[in-house]
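What you see is a predicted model, and the numbers here were worked out from it, not measured in a lab.
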Amino acid sequence: MATIPRALFGNLPIELVNLIMSYAARPTFAQPDQYKAKNPYSTARKLCLVSRYVRRHVALPEMLHTVLLDSRNKKAFVHALRMQKEYAQTDSHLCFAYTSYIHNIWIGEFCPSPEYSFAHRSDGMFVRHSDLGLLAPVLLGAPSLAIDFASMYFLTRCVEHVWTNMGEDADQECSPPPWRTKTLTLLGNVTKACPMTMFASGSAFLASLSHLIVLPNSLGDVSLHVAGRAIGAVGPRDYNLPQWMAHAPWASLKRLETVSLAFPRVKLPLDTAEFSAGMNLQTELVTFPASLVKGYRVPLEIKASTETGEGCISLDDVRVVVSDTRVHFCIYCQEWEKVWACGWPGQAGGEGMLRYD
């Protein structure tokens, strides 16, 4: 059999090389392995060592497009921002403008749940105060921001920091806000009042949001939804909305256009014991106009039937999309980080990542 000649990589057109490199550097968010076991950014990090050109024009843009931050890598990310500050001061070729390339950023739980008031929290609980000036502009420069509700105090500090540093000549009421965030994703146990409403800066931030996405609480909302579908208490095309939505500060979300809620996709019959042990499921994203929850009475159900009633949203007013990726669900843990990173199909901007920019 004749040997098929292979083209040398260096002989390929530069446009084709860039495409190959970009594909290789793309984070593997849909990987079957957990992120703790295999870093989805591992290939991009290796490509940063290939050359200055590949690092600057291929690997870093792909890595930074969607950033996942949690207690495992927060320190490394803050350290990278410190180094970038030094590179900028010395005019180093390693200097890279992170903010320009980050479109989506996920902030996991940086610290224990907020049991203390905002005023009694130390600056070092999340990050050092000296690092807030580095981190806040980067986080709030992303059009899409996802955050564990337990870290809302940290986000409130970031918003307050950029708000108070707008400059003495800036009119805070008339000037554009010092952030680009338009889509906010909330996850975790939303049980306490939102700390942002206590500050003028936080109120301005909430008022500027266009889209709200809610990822359900692991033990409560997810289990109730799955169990309800399994025993027939929730119809096959019905959805129960989280109870906290009845008390959410909807009046503060003045420019909010849509509300989206994520649910595991349940196909009947379902073995609840198998779900408790763990199984791979697709997810559904249910989206409806924000005007439906801004009335006197907030509906807490979505009904497929025509007889919805005052306390329900009709399925006719809802858009439902299903994820391509299956993620691991069990009664105690769900991979919502992976769900958010992979996103849902049919959205502008790429392979499933939910975007409204």
Side-chain angles (χ1 to χ4, degrees), residues 29-30 32 34 146 148-149 185-191 211-248 258-290 292-293 297-347 352 354:
F29 293 131
Q34 291 188 355
D148 191 300
F149 195 79
T185 300
L186 290 179
L187 61 147
N189 195 6
V190 185
T191 58
H211 311 283
L212 176 67
I213 304 171
V214 179
L215 305 181
N217 172 34
S218 300
L219 292 178
D221 300 326
V222 169
S223 299
L224 288 174
H225 175 74
V226 172
R229 284 279 176 89
I231 65 176
V234 178
R237 298 176 64 202
D238 298 343
Y239 303 88
N240 287 335
L241 307 187
Q243 292 293 321
W244 63 264
M245 290 184 65
H247 311 289
T258 62
V259 178
S260 301
L261 295 102
F263 297 89
R265 184 170 175 82
V266 178
K267 291 187 176 181
L268 301 177
L270 176 73
D271 186 344
T272 54
E274 183 181 359
F275 172 77
S276 299
M279 59 192 308
N280 294 328
L281 297 174
Q282 292 173 289
T283 57
E284 298 175 332
L285 189 72
V286 179
T287 302
F288 51 86
L292 297 180
V293 293
R297 181 180 179 185
V298 178
L300 292 178
E301 290 181 285
I302 296 175
K303 290 285 189 180
S305 63
T306 55
E307 300 178 3
T308 55
E310 182 182 354
C312 301
I313 296 175
S314 171
L315 192 63
D316 294 336
D317 298 322
V318 170
R319 177 167 55 95
V320 180
V321 292
V322 181
S323 68
D324 295 325
T325 305
R326 293 177 181 269
V327 297
H328 187 74
F329 281 88
C330 70
I331 193 170
Y332 291 112
C333 62
Q334 290 91 46
E335 295 179 315
W336 286 117
E337 181 182 24
K338 182 177 291 188
V339 171
W340 178 84
C342 294
W344 290 267
Q347 304 296 335
L354 181 70

One should read off an interatomic distance between Leu300 CG and Ile313 CD1, to the nearest 0.5 angstrom, of 8.5 Å

Practice task
Begin with the C-alpha distance, continue with both residues' side-chain angles, and end with the deciding distance and a verdict on side chain to side chain contact (heavy atoms under 4.5 Å, CB included) for Val298 and Leu241.
Solution key: CA-CA 10 Å; Val298 178; Leu241 307 187; over 6 Å; no

For this session: Verify whether one side chain among Thr283 and Ser323 offers a donor that lies under 3.5 Å from an acceptor in the other.
Result: yes

Separation between CD (Glu337) and SG (Cys342), nearest 0.5 Å, reads 10.5 Å

Nearest heavy-atom contact between Val226 and Pro264 is CG2-CG, 3.8 Å

*Find out whether Pro32 and Asn280 are in side-chain contact, i.e. whether some heavy atom of one side chain is under 4.5 Å from a heavy atom of the other.*
no

Contacts of Phe263 meeting ring-ring contact (aromatic ring centres under 6.0 Å, His included) (sequence neighbours excluded), chain-then-number -> His225, Tyr239

Rounded to the nearest 0.5 Å, the NE2 atom of His328 sits from the NZ atom of Lys338 at a distance of 10.0 Å

Any side-chain heavy atom of Val318 within less than 4.5 Å of one from Phe288?
yes

Minimal heavy-atom distance between Ala230 and Leu268, with the atoms involved, is CA-CD2, 4.0 Å

Rounded to the nearest 0.5 angstrom, the OG1-CD1 distance for Thr287 and Ile213 is 7.5 Å

CG of Leu212 to OG of Ser260, rounded to nearest 0.5 Å, is 8.0 Å

By side chain to side chain contact (heavy atoms under 4.5 Å, CB included), Ala262 pairs with (sequence neighbours left out) Leu215, Pro216, Leu285, Trp336, Trp344

Residues pairing under salt bridge (charged side-chain N to carboxylate O under 4.0 Å, His left out) where one sits in residues 232-245, two or more places apart or in two chains, turn out to be Asp238-Lys303

_What I'd like to find out is whether the side chain of Thr258 reaches to under 4.5 Å of the side chain of Arg319, using heavy atoms alone._
no

The reported gap from CG in Leu186 to CZ in Phe149 (rounded to nearest 0.5 angstrom) is 7.0 Å

